[in-house]
Amino acid sequence: MNTTLLIICCSLGTLIPKWFPQLYLRNKRLPQELVEFLNIIPYASLTILIYRGIVEVEREMLIPTIVAAFVSFIIIYRTNKIGWTVFGGILAAFLVLQFVL
Amino acid sequence: MKRNNTQTIEKTENEQVGDGLLFNLSKRSSKQKEIREGLKMGLTISLGYIPVGIAFGLLAKTTGFSLFHTMMFSIVLYAGAGQFMAVDLISSGVHPVTVILSVILLNLRLMIMSASISLHTEKIRKRVTPLFSFWLTDEAFSILSFRKDEITEAFSLSLQGLAYSSWALATFLGFIAGDFMAAVLQKAFGVGLTCMFVGLLTPSVKGNRKGFVFCAISFLIYFMIDYFKLFSAGWDIVIGIVVSSLIGYFVVKNRRIE
């Protein structure tokens, strides 16, 4: 199979499952239990994404990533500003990489 | 008497016109405000996407993909981790069907996320949903689902559009000049997305005991899945999200945590 076709198949395989709920669940009255369950998904997803973001890095990035996540946590807790949080985290990782390790 | 009446009618018409104008003006300015806010949040995603996009462009080039195919990955597939995996699998000569199935599996989590966000997307017109879904990533989902205000088309599309463009642009930059970025800087920027997730999750858990319980449960469940390698790549995320949300639902229901 040529690469162009392969990428298109991967794309459709990614898009269709994402589109499906938008087509069939949107503007529907869903049972209350399902709504409550679906509302928990953001918490579960983000927790798992953060976990993977820290655990699945290369070995040398483990400490910089943990420090960056911690710094981000402090900044967002104190200031509630998302832009500064991302910037602060990156800066912290840079400083650890450059001067500590 | 008759004249008086007409005057009244005229006045009401005038008032209506006036109201209509005011309404339109406020509608327009609120749309501009939504776009501005969307771009602002989109910028934080871009900050995380650009270094990763550059890394992708560079990787695809060194693996032997053409510029055309590299850009196709980012413009047509647009799947972050899925792209890295596809490049890796294709270059190690894995069967195309396996590549496609692996990418579908890895991205299946977005179907669950899409179902969750569909509770809040009534403002998005049906004909916009294909684009909205195509542009739905982990990062866009995180911002949209924890947004306090309504999700409007203007907000979400400007946010997603900026993220998408910066991803494509970064891929291009990475392909043509990926080696220009100092390695240390590139590595440091790589933590951007994780920091963004921390920045999105923390405020929504602050003072929210239920939210905290959901996160603690998800952490424990995914820790076990990851530690004991219970499921293969792709399934681990999907099952992790679904199982933790289910357990969270029953724990909160039975304990009545406020």
Side-chain angles (χ1 to χ4, degrees), chain A residues 1 3-4 6-11 13-15 17-23 25-27 30 33 35-55 57 61 64-65 68-69 72-73 75-77 80 82-83 85-91 93-94 97-98, chain B residues 44 47-48 69 72-73 76-77 79 82 86 96 99-100 103-104 107-108 110-116 118-119 121-122 129-130 132-134 136 138 142 145-146 184 187-189 191-203 211 214-215 218-219 222 226 237 240-241 244-245 248-249:
Chain A
M1 200 193 284
T3 311
T4 308
L6 183 55
I7 297 173
I8 291 172
C9 290
C10 289
S11 170
T14 302
L15 174 62
K18 283 200 270 184
W19 189 24
F20 209 69
Q22 293 299 321
L23 271 184
L25 294 183
R26 226 171 53 104
N27 300 332
L30 301 172
E33 291 83 12
V35 171
E36 279 172 31
F37 167 72
L38 290 176
N39 274 328
I40 303 175
I41 284 171
Y43 296 97
S45 309
L46 278 223
T47 306
I48 292 174
L49 287 171
I50 293 171
Y51 180 98
R52 288 174 59 89
I54 293 173
V55 171
V57 290
M61 280 305 290
T65 309
S72 307
F73 175 75
I75 298 177
I76 195 73
Y77 201 88
N80 231 359
I82 187 82
T85 304
V86 176
F87 183 73
I90 292 172
L91 187 67
F94 175 76
L97 277 169
Q98 192 78 314
Chain B
T44 59
L47 200 57
H69 285 138
M72 247 190 101
F73 274 116
V76 180
L77 176 55
V99 176
I100 296 168
V103 172
I104 292 176
N107 290 329
L108 211 56
L110 287 156
M111 183 175 170
I112 310 168
M113 294 182 190
S114 175
S116 169
S118 74
L119 299 174
T121 51
E122 64 273 1
T129 56
F132 175 81
S133 313
F134 174 60
L136 190 68
D138 294 328
S142 316
S145 55
F146 284 127
V184 173
K187 279 180 188 153
F189 269 102
V191 302
L193 292 178
T194 304
C195 297
M196 196 185 84
F197 292 138
V198 171
L200 287 168
L201 188 59
T202 309
F214 296 149
C215 293
S218 311
F219 173 77
Y222 195 75
D226 184 57
I237 310 178
I241 294 174
S244 344
S245 302
Y249 171 75

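What's counted below: heavy atoms across the whole structure, side chains too, no hydrogens, waters or symmetry copies.
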Novice: What is the minimum heavy-atom distance between Ile100(B) and Cys9(A), and which atoms define it?
Specialist: CD1-CB, 3.5 Å

Novice: Could you tell me which of Gly88(A), Gly53(A), Pro64(A), Ser45(A) has the largest number of non-hydrogen atom pairs under 4.5 Å with chain B?
Specialist: Ser45(A)

Novice: Could you tell me which of Ser114(B), Gly211(B), Ala86(B), Gly48(B) has the largest number of non-hydrogen atom pairs under 4.5 Å with chain A?
Specialist: Ser114(B)

Novice: Which atom pair, heavy atoms only, marks the closest approach of Ser116(B) to Leu38(A)?
Specialist: OG-O, 2.7 Å

Novice: Among Glu122(B), Met196(B), Lys187(B), which residue has the highest count of heavy-atom pairs closer than 4.5 Å to chain A?
Specialist: Lys187(B)

Novice: Return the CG to OG1 distance between Leu108(B) and Thr14(A), rounded to the nearest 0.5 Å.
Specialist: 9.5 Å

Novice: Starting at CZ of Phe189(B), measure out to CZ of Phe94(A) and round the result to the nearest 0.5 Å.
Specialist: 9.5 Å

Novice: Can you label the angle between the Tyr51(A) ring and the Tyr222(B) ring as parallel, tilted or perpendicular, going by 30° and 60°?
Specialist: perpendicular

Novice: So how far is it from Ser11(A) OG to Phe134(B) CZ, rounded to the nearest 0.5 Å?
Specialist: 5.5 Å

Novice: I'd like to know if the side chain of Thr202(B) and the backbone of Phe73(A) have a donor-acceptor N/O pair within less than 3.5 Å.
Specialist: no

Novice: Of the listed residues (Gly192(B), Ser218(B), Ser245(B)), which shares the most heavy-atom pairs with chain A below a 4.5 Å separation?
Specialist: Ser245(B)

Novice: Report yes if the side chains of Pro17(A) and Leu110(B) come closer than 4.5 Å at any heavy-atom pair, otherwise no.
Specialist: no

Novice: Looking only at heavy atoms, which two atoms of Leu97(A) and Val184(B) are closest? And how far apart?
Specialist: CD1-O, 3.8 Å

Novice: Going through the checks in order, is the side-chain contact (heavy atoms from CB on, under 4.5 Å) test met by Asn107(B) and Lys18(A)?
Specialist: CA-CA 9 Å; Asn107(B) 290 329; Lys18(A) 283 200 270 184; over 6 Å; no

Novice: Using heavy-atom distances under 4.5 Å, tell me whether Val57(A) contacts chain B through its side chain, its backbone, both, or neither.
Specialist: neither

Novice: Rounded to the nearest 0.5 Å, how far does CD of Gln22(A) lie from OG of Ser118(B)?
Specialist: 5.5 Å

Novice: Chain B: which of Ile41(A), Ile8(A), Val35(A) shares the most heavy-atom pairs with it under 4.5 Å?
Specialist: Ile41(A)

Novice: Centroid-to-centroid, Phe146(B) to Tyr43(A), below 6.0 Å?
Specialist: yes

Novice: Counting heavy-atom pairs under 4.5 Å with chain A, which one of Leu119(B), Val99(B), Ile112(B) comes out on top?
Specialist: Leu119(B)

Novice: List the atom of Gly199(B), the atom of Ile82(A), and the distance in Å for their closest heavy-atom pair.
Specialist: C-CD1, 3.5 Å

Novice: Testing the basics here: between Ile40(A) and Gly248(B), what is the closest heavy-atom pair and its distance to 0.1 Å?
Specialist: CD1-C, 4.0 Å

Novice: Tell me, side chain or backbone of Ser145(B) under 4.5 Å from chain A's heavy atoms, or both, or neither?
Specialist: side chain

Novice: Heavy-atom pairs under 4.5 Å with chain B: which of Leu49(A), Leu30(A), Asn39(A), Val55(A) has the most?
Specialist: Leu49(A)

Novice: Highest number of heavy-atom pairs under 4.5 Å with chain A: which of Leu193(B), Leu47(B), Val198(B)?
Specialist: Val198(B)

Novice: Check whether Leu91(A) gets within reach of chain B through its side chain, its backbone, both or neither, counting any heavy atom under 4.5 Å.
Specialist: neither

Novice: What pair of heavy atoms forms the shortest contact from Leu6(A) to Pro96(B), and how long is it?
Specialist: CD1-O, 3.7 Å

Novice: So how far is it from Asp138(B) CG to Ile48(A) CD1, rounded to the nearest 0.5 Å?
Specialist: 11.0 Å

Novice: Relative to chain A, which of Val103(B), Ile241(B), Thr194(B) shows the most heavy atom pairs under 4.5 Å?
Specialist: Ile241(B)

Novice: Could you tell me whether a side-chain N or O of Thr44(B) sits under 3.5 Å from a main-chain N or O of Gly83(A), the two making a donor and an acceptor?
Specialist: no

Novice: Val86(A), Thr85(A), Ile7(A): which one forms the most heavy-atom pairs within less than 4.5 Å of chain B?
Specialist: Ile7(A)

Novice: Any side-chain heavy-atom pair from Ile237(B) and Arg52(A) closer than 4.5 angstrom?
Specialist: yes

Novice: As an exercise, state the distance from OG1 of Thr47(A) to CZ of Phe214(B), rounded to the nearest 0.5 Å.
Specialist: 10.5 Å

